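Residue numbers begin at 1 in each chain, while the letters A, B, ... track the order of the sequences. Fair warning: this is a prediction, and the values are worked out from it, not measured in the lab.
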Number of protein chains: 2
Amino acid sequence: MAIDYSKVKKILSSYGYSWTRPRELVFKAITGGPKTISAVIKLEQGKVDRVSVYRTLQLFEELGIIHRLYLGWKYKFELSDQFIAHHHHLVCNFCAKVIDIEDEQHINSFIKKESDKFDFKPTSHQFEIEGVCSDCSAKQLLVAA
Amino acid sequence: MAIDYSKVKKILSSYGYSWTRPRELVFKAITGGPKTISAVIKLEQGKVDRVSVYRTLQLFEELGIIHRLYLGWKYKFELSDQFIAHHHHLVCNFCAKVIDIEDEQHINSFIKKESDKFDFKPTSHQFEIEGVCSDCSAKQLLVAA
DNA sequence: TATATATTTGCAACATTTTTGCAAATATTA
DNA sequence: TAATATTTGCAAAAATGTTGCAAATATATA
């Protein structure tokens with residue numbers, strides 16, 4: 001499945017940035033799923049310099065192309081809502097598996113209600129649930145036995 | 001206002017850890033509000049070694065005394081729900097102000113519903129809303145004018 | 001309370017992660 | 001294609017986090 005770059009290209013050029021090989025590679029890496037900075041660096045080793053990976057991810061974040069996702073004690077970069085539907089995650093504390101869950105009206109009405117109280121203008125939110133996935137809780141039982 | 005250490009002391013001793021001066025100072029630092037590791041290090045400079053701050057925060061986190069709070073691109077440590085009521089935050093992207101908001105039944109029922117779908121056992125969750133606070137949006141308007 | 005034992009601390013050194021300055025390479029504009 | 005602006009990679013520095021170990025402190029036992 002080929003990746004459609006038209007949207008990123010458009011975002012970059014609209015802010016006066018150019019579409020280059022390193023930027024393409026970094027974008028492609030993130031497209032493959034949420035990744036830590038070091039994962040991207042490793043993946044592109046020899047092709048994109050460490051420093052450029054940092055700079056590119058920073059730029060992408062500023063332009064809202066990607067966002068940070070905090071999982072346990074590390075963070076990963078994930079494509080932003082313009083590229084993949086807004087969603088949240090169930091994160092397993094044992095195997096680090098990530099299950100996507102969909103957003104709910106509940107969440108949005110909660111955000112609106114609380115923000116209004118403080119005259120706060122929400123621009124984004126993050127909601128992660130940590131715990132133990134079904135596979136790991138099965139294994140846990142075996143260990144405990 | 002004096003700090004009541006009985007609860008932390010109890011937690012530490014129940015796991016076989018002792019209540020020491022460095023641990024007291026680090027705990028006190030966090031009691032003063034969410035802080036980054038380096039903020040704690042700076043605050044206790046000369047009194048507690050850098051390395052001990054790391055080790056103590058790590059221990060406190062393992063024992064559930066504190067938890068990490070991801071705000072923007074840094075994380076801070078905050079007292080856990082046993083010490084201060086469980087809550088979420090509105091984080092201002094301009095002045096970094098943090099407004100505490102209370103938890104809601106909405107959130108819990110959402111977590112239960114989604115977790116059940118995947119036979120997932122939730123142990124904790126994190127929910128942060130970023131945006132612009134009322135003060136900063138007032139200033140923004142001035143700049144724009 | 002003194003002594004023995006176990007835990008915790010601080011220091012020094014190391015490893016990893018992130019940032020910065022700058023010249024060379026690449027892209028854009030005319 | 002030449003001129004200009006942007007972007008990259010490299011080297012080096014700064015910041016952040018980790019480890020091993022001896023000295024200091026706390027706890028348990030007599």
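- For the side-chain hydrogen bond (donor to acceptor under 3.5 Å, both in side chains) criterion with A:Glu78, the lone passing option out of A:His89, A:Lys35, A:Arg68 is A:His89.
- Map B:Ile37 and A:Pro22 each onto its nearest nucleotide of DNA chain D; the residue landing nearer the 5' end is A:Pro22.
- Remark: B:Lys47, B:Val48 in residues 39-48 of chain B come within less than 4.0 Å of DNA chain C through at least one heavy atom.
- Using a 30° and 60° split on the angle between ring planes, A:Phe127 and A:His88 fall in the perpendicular class, above 60°.
- Phosphate proximity of D:dT8 to A:Thr20: present, with a side-chain N or O under 4.0 Å from OP1 or OP2.
- Nearer the 5' end of DNA chain C, as judged by each residue's closest nucleotide, is the contact made by B:Ser18, out of B:Val51 and B:Ser18.
- Side-chain atoms of B:Arg55 stay outside donor-acceptor range of the base of D:dG17, with no qualifying N/O pair under 3.5 Å.
- Distance check: B:Thr20 OG1 to B:Leu25 CG gives 8.5 Å after rounding to the nearest 0.5 Å.
- Residue-to-nucleotide proximity on DNA chain D shows that, of B:Gln58 and B:Trp19, the 5′-proximal contact is made by B:Gln58.
- Using a 30° and 60° split on the angle between ring planes, B:Tyr5 and B:Trp19 fall in the tilted class, from 30° to 60°.
- At the phosphate of D:dG9, OP1 or OP2 sits under 4.0 Å from a side-chain N or O atom of A:Ser52.
- Among the heavy atoms of the strands lying under 4.0 Å from A:Arg50 is at least one base atom, whether or not backbone atoms are also near.
- Here the options are A:His87, A:His67, A:His86, the test is ring-ring contact (aromatic ring centres under 6.0 Å, His included), and the partner is A:His125; only A:His86 passes.
- Following rounding to the nearest Å, A:Tyr17 (OH) and D:dT8 (C1') show an atom-to-atom distance of 15 Å.
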